[in-house]
Amino acid sequence: MAAAQPMLSLLLLLSVVASGKAKPRDANSTLEAEEAPTNETSSSEAPISEAAEVERKERLEPRAGASSSICPCDLHPGFCDLNCCCDSSCGSDCSTGGPECPFSFCLPGSTRAVSQVCLEKSTIFQNNTPYRTDVLPGPGGCVLLFCVELNDSKLNYLQQPQVVTKVNFPALSAQYGGSSFNLPDQVLSSPSAFYRVGDPIQTYFAASSVLSILKQPVGIGTSQLCIDENPAGFLESKNTSCIRILTDLTSSCTTDPALDAASYYRGFSVLKVPVNMTIFQPIQVNITPISEPASPSLSGSTCHNVVSEVSYEVEFNGIHGIQKVSVQFKVASISGNPRATLQQRFSLHFGSRSPSLTKQRSGNPGYIIGAPLIVLYNGTQQHITILQNQVDGQCSATERYKVQFRENVRTSCQFSVPFKLEEANCSHFQETLYQAFEGTYNLGGLAITGNADPSRPGERTNIFTQGCKIQDGPCMVPISLKIQVIWAHLGLLSNPQAQILGARYHYLCKSLKSIGNMVNMLPLTTTVAFTDATKWPEPPRGQPRAYWKLPFDFFFPFKVALSGAGSSSGSLPGTLLVTLTFCKLLVS
C-alpha cells in the first residue's frame, strides 16, 4: 500500500489537470500559456457568442504573417525595447526567463502566464504525464512541489463588451462613468557575457593596458561640488550637473583634464560587452566626437574652450551589447584672478539602433497607459491633440497637448478672435472655433488598439460629434469641448489588452449675442475623460477536488435484503444471515 500511494497521488493530480484542461508540453508561445476557447467548446461553456468570438479573434489575434505571440511592450518593430522580455529583437532567452537576458526585470505582460496545480514532489513516484510540468520550491523553501500547468479557457477571458453606438453612448457613460479627475494612488554579481541594467560600462586604455569604467561626474552635498568617480550604469539614462572650484585658473586652464574635451574620448575606448578576467579579449568601441573643439587656452586672466557640457549617446542592441558611442561638447570661457568657478553638465542617453526609422506604437496590441491616442484617416496615422496655453494664458497656435490613454486632463486658454465679432459670419466663426478645438487634422476614426493598421478599416471606431445647432435664431458658437472615451479590457485575465470601444466630442455652445461684440479674447476649455466599461467574468469556483467513490452498487445486496425485511417477516432470518456473513468476511 505504501508504494501505491505516490502513484495514487499522481493519478489524482492528473484527474484534476484533465478537468482543468492542462496544456501539453510542446507549447512554446511566449504569452499563450492560456489559450482562447476553441470552436469545439459547447455553447454552455462559451463565454461569448460566436459572432463576438470572431470579432474578438480579429482584434486580438496577430495578423497573418506576424509572430504567433502577443508582445504588448514591443513598440518598435525590428528593434529591442527596454525590459521587454518577449521582444524577439532582444534575444530569445528572455521570453522564458533564462539567464541569457540583459534585463534585470521584465515588464508586465512580457513573460508567459501560467496556471498550475501542485503536489509535494515526495508523493510522486514517476512522472509519465504528457503535459508540461515543473518542480518549484514550496512556501518557505522547505519542500519541493511537482506542478502541472492548467488551461481553464472558460474562466480565463474577459467578456466581450457591447457595441457602442450613438444611441447607447449616454447610457453606457452613465452606467460605467464616475469621477474623472480623482488623483491616482501613489505606488511607490558575477561577471556576465553581456551588460545588464545598472552594470558599470567598462573602458579600456590600450596604451597602458588598463581596464576601467566610464564615469559620469555628479554633484554632492549642498555645494554640489563635482565627484568624478560616479560610474555610468548600462541602460540608465541620466542628466547630472556639478560645480568645479578652480583655485588657480592660470595653472588649471591647460593642465586640468576635466576642462579639456579630449579627456572625455581620447586614449580609451568603450567595451562592447564586459570582459571576463580569466579570458581577456576585449571588443572595443571607439567614442566618436560629433565635433572636435579646440584645446583650452589662456589669454590673460580668461581661459577659453573650457568644457561646460558633455553629452554621450550610446547605441545598444540587446545582449549584443554596445554598438556605437558618440559624444558632443559645449565650451565656454571663464575668467578668474586667480580663483574661478565652473558649472558643468553631463548627460548619458541610451537608444536602440536608428529608432527614428520606425513610428512608435501606442501598444501591442492593447493601449498602454500614457500612450497617445491614435486617429486613422485615409491610410495615415496621427495623434489626438487639444488646445494648450502659453505662458501669457493665450492659446498656442503651434504647440498642442497630446491626449494620452487613461489620463484625464482639463485645459483652458484665451483664444484671440482674428476679426471683429459684429462683422463675423456665424458659420465661419463656428468653423474657426471647431478648427481651434480639433486642430488641423481630420478626426476620421479612432484606433481601437495601439498597433492598429491605418490601411485596415476594421481596426478603427467612429468618433461621435455633437456640435452647435445651426438655426434661424441667435448664432451659437462652441466655447467648451468635452472628449469622452469609452474603453475596456479584453483577452486573458492574466494579460488583458485595453481597447477603445467608442468616443464622443461634445461641444458646449453659447450664443454670440451673450458674448458681446467688444470681446477680442474668448476663453476656451477642453476636458478629456476616460470611462472603463470592462465586463469581468463570473468568479471562479476553485479547482475540482478529488473525492473517494465506492464501486457502483457495492451495497446492492444489503439494500435488497433490508428492503425486503419490511414486506416479508419470513425472510428476516435470511436477511440477518446474509448480513452476518458479509460482516464476517470483511472482518476476516
Side-chain angles (χ1 to χ4, degrees), residues 72-77 79 81-82 107 180-184 237 349 351-352 355-415 433-454 459-465 478 480-488 497-507 523-532:
C73 55
D74 182 10
L75 305 183
H76 296 90
F79 306 108
D81 289 85
L82 182 61
L107 291 173
S180 301
F181 295 95
N182 292 337
L183 292 176
S237 300
H349 180 263
S352 299
S356 59
L357 298 179
T358 178
K359 182 172 291 187
Q360 183 172 352
R361 306 183 182 115
S362 291
N364 189 29
Y367 275 97
I368 298 175
I369 297 178
L373 287 187
I374 299 175
V375 172
L376 306 179
Y377 179 73
N378 284 344
T380 62
Q381 174 180 314
Q382 296 173 324
H383 296 151
I384 290 185
T385 59
I386 59 177
L387 286 171
Q388 180 175 328
N389 60 342
Q390 301 177 140
V391 179
D392 57 0
Q394 294 190 26
C395 301
S396 175
T398 56
E399 298 293 332
R400 293 180 61 87
Y401 183 83
K402 288 185 179 180
V403 177
Q404 299 174 348
F405 181 66
R406 290 183 62 180
E407 291 189 1
N408 301 325
V409 295
R410 180 189 287 116
T411 63
S412 181
C413 61
Q414 297 289 331
F415 178 73
L433 293 178
Y434 283 143
Q435 186 174 2
F437 277 114
E438 299 175 3
T440 57
Y441 62 89
N442 192 300
L443 283 181
L446 189 60
I448 297 176
T449 58
N451 67 341
D453 189 349
E459 298 192 6
R460 59 174 178 258
T461 182
N462 293 330
I463 299 177
F464 308 120
T465 303
S480 178
L481 168 63
K482 181 179 180 181
I483 302 176
Q484 190 173 10
V485 181
I486 296 181
W487 67 277
Q497 302 297 312
Q499 294 190 5
I500 301 297
L501 303 181
R504 179 177 67 175
Y505 274 49
H506 185 203
Y507 286 97
L524 302 181
T525 303
T526 306
T527 60
V528 181
F530 288 84
T531 302
D532 183 3

**OP:** Compare every heavy atom of Arg400 with every heavy atom of Ala436, then report the nearest pair and how far apart it is.
**Re:** O-NH1, 2.9 Å
**OP:** Check whether any side-chain N or O of Gln388 sits under 3.5 Å from a backbone N or O of Glu399 as a donor-acceptor pair, and report yes or no.
**Re:** no
Subject >> Heavy-atom pair with the smallest gap, counting every atom of His76 and Asp81 >> reply: ND1-OD2, 2.8 Å
Subject >> Heavy-atom closest pair, residues Gln497 and Pro365 >> reply: OE1-CD, 3.2 Å
**OP:** Report yes if some heavy atom in the side chain of His383 is under 4.5 Å from a heavy atom in the side chain of Ile374; otherwise report no.
**Re:** yes
Subject >> CD1-OG1 distance between Ile486 and Thr461, expressed to the nearest 0.5 angstrom >> reply: 10.0 Å
**OP:** Taking all heavy atoms of Asp74 and all of Asn364, pick out the closest pair and write down the distance.
**Re:** O-ND2, 3.4 Å
Original post:
For the side chain to side chain contact (heavy atoms under 4.5 Å, CB included) test, which of Ile369, Val403, Ile483 pairs with Phe530?
Top reply: Val403
Original post:
Counting only N and O atoms by type, is there a donor-acceptor contact under 3.5 Å from the side chain of Ser362 to the main-chain atoms of Pro372?
Top reply: yes
Subject >> Euclidean distance, His506 NE2 relative to Thr527 OG1, rounded to 0.5 Å >> reply: 10.5 Å
**OP:** Determine the minimum heavy-atom distance between Phe437 and Thr525, stating which atoms define it.
**Re:** CE2-O, 3.6 Å
**OP:** Please work out which of the three classes, parallel, tilted or perpendicular, describes the rings of Tyr434 and Tyr507, given edges at 30° and 60°.
**Re:** perpendicular
Original post:
So, the side chain of Tyr367 versus the backbone of Ala447: is there a donor-acceptor pair under 3.5 Å, distance only?
Top reply: yes
**OP:** Output the distance between atom CD1 (Ile368) and atom SG (Cys73), rounded to the nearest 0.5 Å.
**Re:** 7.0 Å
**OP:** Quick one: do Ile463 and Arg504 satisfy side-chain contact (heavy atoms from CB on, under 4.5 Å)? Show the steps, please.
**Re:** CA-CA 5 Å; Ile463 299 177; Arg504 179 177 67 175; over 6 Å; no
Subject >> Spacing of CD belonging to Gln390 relative to CD belonging to Gln414, to within rounding of 0.5 Å >> reply: 12.0 Å
**OP:** Work out which heavy atom in Ala488 is nearest to a heavy atom in Leu501; give both atom names and the distance.
**Re:** CB-CD1, 3.8 Å
Original post:
When rounded to the nearest 0.5 angstrom, what is the spacing between CG in Asn389 and OG in Ser396?
Top reply: 9.0 Å
**OP:** May I ask you to test the Phe405-Ile500 pair for a side-chain heavy-atom distance under 4.5 Å?
**Re:** yes
Original post:
Hey, what do you get for CD (Glu438) to CG (Leu387), rounding to the nearest 0.5 Å?
Top reply: 10.5 Å
Subject >> Distance-only donor-acceptor check, side chains Asn378 and Thr380, under 3.5 Å >> reply: no
